[in-house]
Amino acid sequence: MDELWYKDAIFYAVDVESFQDGNGDGTGDFKGLASRLDYLGEMGVTCLWLLPFYATPNRDNGYDVKDYYSIDSRLGSLQDFSDFVAAARERNIRILIDLIVHHTSDEHPWFQAGTMDTTSKFHDFYVWREEKPQQETENIFPGEESSVWSYEKRAGAYYHHKFYSFEPDLNVANPEVQEEIKSIIEFWLAFGIDGFRVDAATHLLSGKGTPGTSVKRPAAFLKSLRKTATKKSASTILLAEADVTPDKLGFYYGRGDRINMLFNFLLDNYIFLALAREEAEHVAEFLERPLPHYRCQWANFLRNLDELDLERLSEKERQDVFKRFAPKAEMRIFNRGIRRRLAPMLNGDRKHLEMVNSLLFTMPGSPLIVYGDEIGMGEDLDLPGRTSVRTPMQWDSSTNGGFSSAPTSKLFRKPVTTGPFGIKQVNVEAQLHDDNSLLNWMKRLILIRKNCKEIGWGTPKVVKASLPQVLVHSYDWEGNGLVFAHNLSSKPCRFSITSRKFHPRQFVDIFCDTDYEPTAEHTTEIYLEGYGYRWFRVNELKKKQ
Ligand code: MG
């Protein structure tokens, strides 16, 4: 079932600019990333998601593309990219790249041509209005942009931008734009990549408050994107960003013929609510929802490289998460999210970090790790906006943290050097040499997860536990059973479970935070340390002679 490889994949998000500088100019690049593929392979990562690397004025972390067919010259050349993909292939690491076709940079030649000459076909590549509409939709960046319409003097009209004003929205309803999108997909397929992460998928399909700008047959459009993406290989996938209400998610999956994977924003919100309140019911609620089509899969994550967006929670719930994990105003952004990394949010508490990662890896879907979270990197709140979590990878304790040999003054961004998450305290080299490091623990987690196919393929069931701070869930797939127990509280606890299918005396520990005694014959009670976790395989009861 190689075609469905993503059902079992271990994803790793990497920002090329921030990962490893290979030519000593102070900016990460493809040569540097290629030199770290062994590290990623040894960790057990099976697929990299590369954040945008296209030619760009770089005012929005590369999401402002000015040429879809070339690479940001700071990061390397097309040849470097090609060499990198080949090197990854040799190590059986797959590559997903970002497909950013909701908008372009205002420096893109299409926008320039369409602005200079309103009779040009490129004018209709964007969304225009002669008068600024009274009513308008919300901008993605409240506080940074006051409107979704900006005036363009040369065109004598307003253009639509859901994101920044320097990112004009493409008119995706225009068939010529759709053809361009397909050409972009085909161009990158030729390099042998394994799929695309479709940026802003929801906004891509929706109208722009002006007639004729909604994609007419959105389902058919998604199918046609999939068809284009799978022209070379049926195993090429689309992974989409669609942070929408649960009732709308099924549309993207279709019957397994549209989007293969969606980022699981809903679960991420529930996990952080559960952690903040130390109540398992919020995650249990997600586990009771129907799974996507069997050819589809969730991409589960704790953090991504944007803010931790808490839009799926109510105001009260969101405030509870803020209070626990982002107590200061500077840690929050856009009134809806948190601009911190995981480790500082959990105060660097190793037991808490293990439990939360264990929880992630037992959720139905495929897990995604963000670069640096495997060693517990922190953020830099002095950096503006969402950049706070994109500091350079911390490879060792030397100057620049091993990220670059350039003088520190030449770095595109400085690594974290002070505090408990600085390069001296948190780096790859030290953790590789320490058997008990978070990194080595993550490697074990990944290895064991790969042997638990039930999670990627099976259906989860919530098991009734006698304490609200404990989540117990199980999978049953092809006759094999797995049970997981997680204690969301820092206090140790003893609880009992109720299930007709199994009894704790059938459980064999396969992964846990400490050495636990097996559960005694006469009881259904299970013990967990504070932030404890236990993974069990269910053995069949031995029949009495
Ligand atoms: Mg460089």
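Side chains included, hydrogens not; waters and symmetry mates left out as well; all remaining heavy atoms used. Just follow the structure's listing: the first ligand is 1, and inside any ligand the first atom is 1.
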- Message: Testing the 3.5 Å rule here: is there a donor-acceptor pair between the side chains of Q20 and Y39?
- Response: no
- Task: May I have the angle between D29 OD2 and T27 O with its vertex at the Mg ion (ligand 1), rounded to 10°?
- Result: 100°
- Message: Test of geometry: compute the angle OD1(D25)-the Mg ion (ligand 1)-OD1(D21) and round it to 10°.
- Response: 90°
- Taking atom types as modelled and ignoring hydrogens, do the side chains of S437 and D434 form a donor-acceptor contact shorter than 3.5 angstrom? no
- Query: In terms of side-chain geometry, is the basic nitrogen of K66 or D64 positioned less than 4.0 Å from the acidic oxygen of its partner?
  - Reply: no
- Query: Is the Mg ion (ligand 1) less than 2.8 Å from an N/O/S atom of N23, whether that atom is in the backbone or a side chain?
  - Reply: yes
- Query: Does a side chain donor of either Y158 or E152 reach within less than 3.5 Å of an acceptor in the other side chain?
  - Reply: no
